Amino acid sequence: MIQTCLFPAAGYGTRFLPATKALPKEMLPILTKPLIHYGVEEALEAGMTNMAFVTGRGKRALEDYFDISYELEHQISGTSKEGLLKDIRELMDACKFSFTRQTKMLGLGNAIHTGQNLVSNEPFGVILADDLCINENGDGIMKQMMKVFEKYRCSVVAVMEVNGDEISNYGVISGRNIEDDVLIVNNMVEKPAKEDAPSNLAIIGRYILTPDIFNILSQTEPGKNGEIQITDALMKQASDGIVLAYKFKGRRFDCGSLAGFVEATNYFYGLENAKK
Ligand code: G1P
């Protein structure tokens, strides 16, 4: 069973300035819960209880969020508002949280490598909290990936079909199907031009990685945009062994973009209203 989920959360969130000037983008709320809360819930549902965050300067609110706020709790204790903290308290009781900092913005590969000291020499999950995923009809996306991992015991990336020019915003894979929704990756390119994309299957921010990825990352040269790319490290892992791509069931909202953020807000608001 995989214990640890790593949350790279050092990025600036420039697309949400000025809101992200003083607020980590992972703390932007969809309704009343910040994005990071949904990510931790998804990891916990998959059975992970060690939540490891790679943060950076100006991200202290993430640590405070997963800590007790004595003054606030004292104030609302015994009032009708107490129930509003129920969800976060449940997460805090069920999980352990650890934090480290990425000091230079050298890319997602570097962020994951920075998290090595929080991950023991075991496979681990990675969740990019601004990709908000939900499956109303069954297991969450990380739990689905866990089942694939348990069967094949190798790194797994979540993919979805993306149309047109959009593909250039993603790591893109191509591969050979071994099940309807599982492929063995044979090519992987970070943010290719549309005409160079090996397929229309885009990687979204969910990974299960085997720990040999750290050694590969230590030897990975900067790639696209001069950053160390997890996509390049995974391509190396795929050519030396096996990496799987999994077409997940459910929905993914790109909450790193304004349109995706608004879409997620409306979708979750609809779900809340339907419950009433
Ligand atoms: C990162 C990865 C990319 C992946 C994407 C998913 O890019 O580098 O391969 O497709 O996350 O959201 P970013 O969106 O951080 O630029």
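Just so it is clear, the model here is predicted, and its values are computed rather than measured. Just so you know, ligand 1 is whichever comes first in the structure, and atom 1 is the first atom listed for that ligand.
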Next item on the list: Using distance alone, with no hydrogens and no angle criterion, decide if Asp64 and Ser69 have a side-chain donor and acceptor under 3.5 Å apart.
Entry: no
Notebook entry, point to check: So, are Glu42 and Lys143 salt-bridged, with charged N and O less than 4.0 Å apart?
Noted result: no
Next item on the list: List for me each residue that meets ring pair (Phe, Tyr, Trp, His ring centres under 6.0 Å) alongside Tyr267, sequence neighbours excluded, and say none if there are none.
Entry: Phe253
Next item on the list: Return the minimal non-hydrogen interatomic distance between Tyr65 and Ile88, and the atom names on each side.
Entry: CE2-CD1, 3.3 Å
Margin query: Show me, by chain and number, every protein residue that has a heavy-atom distance under 4.0 Å to ligand 1.
Written below: Leu108, Leu128, Asp131, Tyr170, Gly171, Glu190, Lys191, Ile203, Ile204, Gly205, Tyr207, Gln229, Thr231, Arg252
Check: Is Glu136 salt-bridged to Arg251, going by a charged N under 4.0 Å from an acidic O?
Finding: no
Note to self: Check this for me, if you would: do Glu41 and Lys33 make a salt bridge, where the nitrogen-to-carboxylate-oxygen distance has to be below 4.0 angstrom?
What the structure shows: yes
